[in-house]
Protein chains: 2
Amino acid sequence: MAGTAEKLNVRDRLLETAARLFYEKGYGATGINEVIKQAGICKASFYHHFKTKEDLLVVSLEQRHERMMAELRAVVAQGRTPAEKLGRVFEWLGSSCSCGSSANGCAYLNMVSEFRDAGSRVRELVRWHKGVFRTFLSELVGAHFRGSGKGDDEIQDITDEIYLLSEAVFAASPVHRCNWPAETAWRIVAGRLGIEG
Amino acid sequence: MAGTAEKLNVRDRLLETAARLFYEKGYGATGINEVIKQAGICKASFYHHFKTKEDLLVVSLEQRHERMMAELRAVVAQGRTPAEKLGRVFEWLGSSCSCGSSANGCAYLNMVSEFRDAGSRVRELVRWHKGVFRTFLSELVGAHFRGSGKGDDEIQDITDEIYLLSEAVFAASPVHRCNWPAETAWRIVAGRLGIEG
DNA sequence: TGTATATCAGACCGGTCTGTCTGGCAACCG
DNA sequence: CGGTTGCCAGACAGACCGGTCTGATATACA
């Protein structure tokens with residue numbers, strides 16, 4: 001029952017299984033024993049690779065971040081203009097938030113619910129991740145308005161708005177389990193980019 | 001150490017304590033033993049009033065809903081026009097999401113993270129709550145556009161957008177712990193209402 | 001007065017949790 | 001060959017969990 005993680009080494013099998021279970025069931029609701037069982041790993045081997053359960057979570061979230069950014073780069077590569085690239089991003093947000101087993105919204109926002117201490121390692125990681133994502137958006141927005149005569153402040157404001165709308169998609173999708181949040185968010189974004197329709 | 005719940009009867013003390021702890025620490029992270037200890041109630045009395053811990057949560061969420069709607073009605077009563085009322089709502093969203101001990105965002109969205117089964121009682125309650133809140137917004141939006149010649153479909157779309165932005169405030173506030181989400185959201189909303197500035 | 005109800009106090013049950021420990025097997029490397 | 005390393009197997013410790021139970025006390029009401 002090791003599932004998709006057949007050929008990976010022990011550490012990667014643990015990370016793959018943990019990422020899946022922590023996302024689908026939540027961190028607190030997933031026991032270490034379940035992770036190691038589904039990964040087909042014995043307990044001592046787990047504690048050989050990771051000091052604690054939380055360490056496993058942190059590493060798996062870091063890995064998830066890299067994977068997500070890679071996916072995003074691939075997604076925007078399919079768009080020609082910055083506006084089209086942003087459109088692809090919101091399309092991707094919607095599909096990655098309301099489809100199949102991934103209908104649990106944003107893995108990082110979920111962690112904010114589980115780790116209430118704002119100074120915790122996990123919260124810090126979430127803020128870092130969101131910062132990187134916001135920078136990613138800001139570059140697209142900046143490129144879109146390059147040479148438009150818009151001031152930096154206004155572009156900054158629009159970036160904030162678009163970032164906020166991405167969070168809205170993440171938050172609303174798991175509640176409603178359809179992709180009107182992504183479509184509605186994109187409608188607003190398109191308006192702010194001046195590409196009505 | 002019963003705190004603010006001095007004069008209440010047993011059931012209400014339990015509900016008051018549970019609402020506070022479940023919100024500040026999360027449902028899973030709060031043990032029944034801690035609730036009853038802080039409420040100054042013995043265990044048998046708790047199980048006399050509530051069948052299970054989850055029952056306590058459900059009733060406390062229902063109570064929270066009534067309290068929130070009452071607060072919202074009071075808040076909008078201070079605005080003269082529908083647009084001003086909506087402005088007060090977003091102001092209230094920001095302050096109730098990023099201030100003091102309540103900097104944990106939306107109690108209901110947090111429950112979505114903790115209850116992954118979309119068919120669970122708690123999830124159902126969350127959807128009901130969000131539906132009522134959306135209706136509340138839709139009445140204000142409808143009043144704002146009354147007689148403006150805007151079609152019902154367009155008003156519906158704008159309502160969706162504003163509701164989505166309220167979710168964005170709830171989701172983003174606990175991550176960033178300041179109220180730019182509320183301000184940014186309101187900037188977009190004001191634009192959609194046609195009251196730029 | 002007798003009975004039902006609400007509450008207190010806290011032991012107790014069966015289960016789950018993270019993390020540690022012992023012990024053994026196999027591969028690689030000096 | 002001997003030692004280290006990675007991994008397996010699973011018992012175990014210690015804490016905490018939700019929930020049940022016994023038994024005592026106080027109050028209200030028939």
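Below, chains carry the letters A, B, ... as their sequence lines are ordered, and counting in each starts from 1.
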Undergrad: To the nearest Å, give me how far apart CG (B:N9) and P (C:dT7) are.
TA: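 The distance from CG of B:N9 to P of C:dT7 comes to 7 Å, rounded to the nearest Å.
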
Undergrad: If a pair satisfies side-chain hydrogen bond (donor to acceptor under 3.5 Å, both in side chains) and one of its residues is in residues 136-154 of chain A, list it, with sequence neighbours excluded.
TA: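 Listed by first then second residue: nothing to list.
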
Undergrad: Within the pair A:S45 and D:dG6, is there a side-chain N or O less than 4.0 Å away from OP1 or OP2?
TA: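 For A:S45, the contact criterion (side-chain N or O under 4.0 Å from OP1 or OP2 of D:dG6) is not met.
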
Undergrad: Where along nucleotides 18-28 of chain C does protein come under 4.0 Å, by heavy atom, of base (B) or sugar-phosphate alone (S), with - for untouched nucleotides?
TA: BBBB-------

Undergrad: Give a yes or no on whether a salt bridge exists between B:R88 and B:E84, defined as a side-chain N under 4.0 angstrom from a carboxylate O.
TA: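 Judged by the 4.0 Å cut-off on N to carboxylate O distance, B:R88 and B:E84 do form a salt bridge.
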
Undergrad: Considering just the side-chain nitrogens and oxygens of A:H48, establish if one lies under 4.0 Å of OP1 or OP2 belonging to D:dC8.
TA: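 Answer no for this pair, as no side-chain N or O of A:H48 is under 4.0 Å from OP1 or OP2.
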
Undergrad: Between B:T184 and B:P181, is there a donor-acceptor pair closer than 3.5 Å when you use the side chain of the first and the backbone of the second?
TA: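 No, B:T184 side chain to B:P181 backbone: no donor-acceptor pair under 3.5 Å.
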
Undergrad: So does B:L61 get a backbone contact from the side chain of B:Y108, meaning a donor-acceptor N/O pair under 3.5 Å?
TA: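 Indeed, once roles are kept as given, a pair shorter than 3.5 Å links the two residues.
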
Undergrad: Roughly how many Å is it from CD1 in A:I36 to P in D:dG10, rounded to a whole number?
TA: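 Distance check: A:I36 CD1 to D:dG10 P gives 11 Å.
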
Undergrad: Cation-pi between B:K53 and B:Y27: NZ/CZ under 6.0 Å from ring centre and within 45° of the ring axis?
TA: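 Yes, B:K53 and B:Y27 form such a contact.
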
Undergrad: Can you see if the side chain of A:H49 gets near the phosphate of D:dC7 - specifically, an N or O under 4.0 Å from OP1 or OP2?
TA: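 Yes, within the criterion.
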
Undergrad: Looking at A:F22, I'd like to know if the NZ or CZ of A:R64 sits under 6.0 Å from its six-membered ring centre while staying within 45 degrees of the ring's axis.
TA: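 Judged by the rule, A:R64 and A:F22 form no cation-pi pair.
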
Undergrad: Starting the side chain at C-beta, find the nucleotide from D:dC8, C:dC8, C:dA6 nearest to A:I41.
TA: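 Closest nucleotide to the A:I41 side chain: D:dC8.
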
Undergrad: Show each protein N/O and nucleotides 25-28 of chain D N/O combination with a separation under 3.5 Å, one pair to a line.
TA:
none

